[in-house]
Structure formats: structure tokens, C-alpha cells
Amino acid sequence: MSSVSRRGLLGAAAVLAAGCAVERHGPSATTPAAAAGSPVTVRWWGNNGWEITDGTKTVLIDPWLTRFRTGTYTPAGADPRTPISVDTALIDSYVDSGRLRADHILVTHGHYDHLTDVPYIAQRTGATVLGTETHLNLMASLGAPEKQLALATGGEDLAFDGYRVRVLRSLHSMTGPRAQIAYPGTRPGLGATNWPRPQVISDLVEGGTLAYHVTMGAVGVLNFGGANYIESELAGLRPDVLLLPAGGTLIRDYVPRLLRALGNPRYVVPTHWDDFDLPLSEPARDAGGLEPLRRAVTAASPGSRFVVLDHLETLTP
Ligand SMILES: [Zn+2]
């Protein structure tokens with residue numbers, strides 16, 4: 001059984017003033033009030049931003065609501081000198097209304113479209129943040145509350161009240177004829193708060209890449225923040241929902257090899273496929289990778305359901 005809910009959109013639109021794009025597209029105000037024992041839902045916050053919740057506990061992955069213009073999906077590509085900005089009013093509107101909550105925030109890597117908003121969201125929610133040494137240093141230099149930062153290296157299998165988080169070593173997507181990683185590098189020295197505050201998007205280096213398998217209730221959700229993976233890390237994993245990035249052109253048998261390793265998950269939900277220069281309040285616009293991904297999944301695992309969510313929609317697996 002599954003359902004894709006658009007009630008978030010409609011519910012919020014019904015109760016909030018017209019003309020506010022953010023609110024019109026916000027999740028239902030009733031979401032956080034859901035009783036304990038509610039079904040587990042998986043909500044897409046755009047790009048690789050995900051929320052997994054049972055109404056009581058909430059895990060976020062790479063939440064990035066601000067989505068400033070970078071040129072990433074233009075022929076010229078992103079301007080590396082694009083200033084970083086955080087739309088605190090936008091984030092406040094979600095947090096203050098109870099529609100954005102977090103017990104944990106899981107960071108897959110350091111790039112601007114994954115990490116930029118996490119320090120402020122952590123500050124507002126009190127969530128614990130998992131990431132590599134570089135991710136934590138970047139977030140600390142952006143003002144994240146350091147006592148909330150928790151180091152992960154991949155291999156951790158952590159049991160918290162209401163959910164489990166398995167951290168997997170992973171890889172970033174690689175592009176171009178040399179299979180290179182955008183803005184590579186590290187900011188080593190945990191707690192080195194003297195790293196200069198990142199100012200532009202190229203200051204937010206990759207810093208290693210992690211993947212996460214979150215188990216909440218009877219539902220296992222596996223997320224990759226980049227179109228790549230380490231196959232040996234996935235041995236024995238059988239997620240119900242795979243959040244699969246578009247891309248992976250240079251990765252050998254990117255989709256079939258992954259789906260085979262995971263035992264052909266029941267649900268494959270595309271992630272990181274929308275043009276994030278456009279705001280979260282607008283419908284997701286395919287940056288070009290969605291249909292190739294759909295074809296690859298259908299060919300490799302015809303029994304899997306390929307479920308495309310729009311911004312802020314939920315899947316109830
Ligand atoms: Zn990246």
C-alpha cells in the first residue's frame with residue numbers, strides 16, 4: 001500500500017492567505033500534530049532534502065530550503081563565486097508554524113545545495129547533526145551549535161528513541177571526461193573553528209560523502225546525496241524506499257548494479273533531479289535527469305514502483 005499525498009499543498013492553501021507562495025506550498029499544518037503510531041511518511045523538501053517522520057520523531061536529510069540562484073543547470077554551470085545565503089525568514093516560517101521539525105539532521109556532503117541551511121535549521125530545531133569532520137567544521141564556521149554536531153565516518157549503526165540510523169561510506173557523483181568531483185577537498189582538524197567562514201559556494205567543499213539508511217517503524221529508507229555509491233557497503237541492505245539521485249552517467253551500471261545490490265526495493269523515488277535555482281514554492285522542474293532515471297529503473301527492476309514526488313509531497317510506503 002502506498003499513497004502520494006498532495007493534501008499538504010491543498011490543506012495549507014485552504015487555511016493560509018493566498019499570495020504567499022511559500023505557505024501555499026507548505027505541508028499541512030496538521031502534520032506535526034499526528035498522533036504517535038502514525039504511519040511513517042517520507043516528504044521531499046526539494047533537491048536532496050528529505051523528511052522521514054512518524055509524527056513523533058523526525059529525521060531530515062540535507063534540508064536546503066533557501067535555494068539561491070547559482071546557474072548550476074545553465075550551460076555555463078554554477079558560478080563558483082556565488083555568495084552563500086540563508087533565508088532565515090523562510091526557515092522560520094516553517095519552524096515557527098511547527099511544519100519543520102527535526103530530531104536528527106543527516107548530512108551527505110559539504111556542497112552548498114546540501115549543507116548551507118543545516119546550521120540554522122539545527123539552531124532552530126535543536127536537532128543532532130551527523131556528518132564527516134569536514135562537514136562539521138564547515139557547519140561550525142557557519143555558526144552551527146557545536147554541541148549538536150556529531151562525527152560520523154561511515155559504518156555506524158545507531159539506535160535512537162524511535163528510529164535507527166545506519167551510516168554508509170559513499171561517494172560523490174563524478175562528471176566530465178576526467179570523472180571529477182565539483183569543489184573537492186576537505187577542511188580537516190575537528191573543532192578547528194578558526195577555519196574562515198565560507199562566503200561563496202566553492203568554499204563549501206565536498207568533504208567526503210556519506211549515505212544513510214534510516215529505519216523508522218517498519219520502514220527502511222536509503223538515501224544517496226550524490227549519484228554514486230560503494231557497492232560493498234550495501235551488502236545485505238534491503239530498504240523499502242530508495243531515494244535515488246538522477247545522473248550517474250560515468251558510474252558503471254549505475255542503476256542496475258545498485259538495484260541488484262539492494263534486492264530491488266519496493267519503491268524507488270528520484271531525488272536531486274529538480275532545478276534548484278527555482279524556489280521550493282514552485283513545482284519541481286526537471287533539470288533533465290528524471291526520464292533517463294525512470295527508464296533505467298524500469299528496465300533494471302520492473303517490479304519496483306518509481307514514484308515521483310513534487311516539492312513538499314509525501315509518500316506513505
Ligand atoms: Zn554535491
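When a ligand or atom number is given, it counts from 1 through the structure's own listing order.
Excluding waters, the protein N/O/S atoms found under 2.8 Å from the Zn ion (ligand 1) are His109 NE2, His111 ND1, His172 NE2.
Other members of the hydrophobic cluster containing Ile181, listed by chain and number, are Met174; membership follows side-chain contacts under 4.5 Å among ILVMFWY residues, whether direct or relayed.
Shown here is Asp161, whose CG atom has no more than 12 heavy atoms of other residues, nucleotides or ligands within 6.0 Å. The local environment of CZ in Arg238 is crowded, with over 12 non-hydrogen atoms from other residues, nucleotides or ligands closer than 6.0 Å.
A salt bridge links Arg257 to Glu231: one of the charged nitrogens lies within less than 4.0 Å of a carboxylate oxygen.
Every residue meeting the salt bridge (charged side-chain N to carboxylate O under 4.0 Å, His left out) condition with Arg67, not counting sequence neighbours, appears here in chain and number order: Asp274. In this structure Glu133 satisfies the salt bridge (charged side-chain N to carboxylate O under 4.0 Å, His left out) test with no other residue, sequence neighbours excluded.
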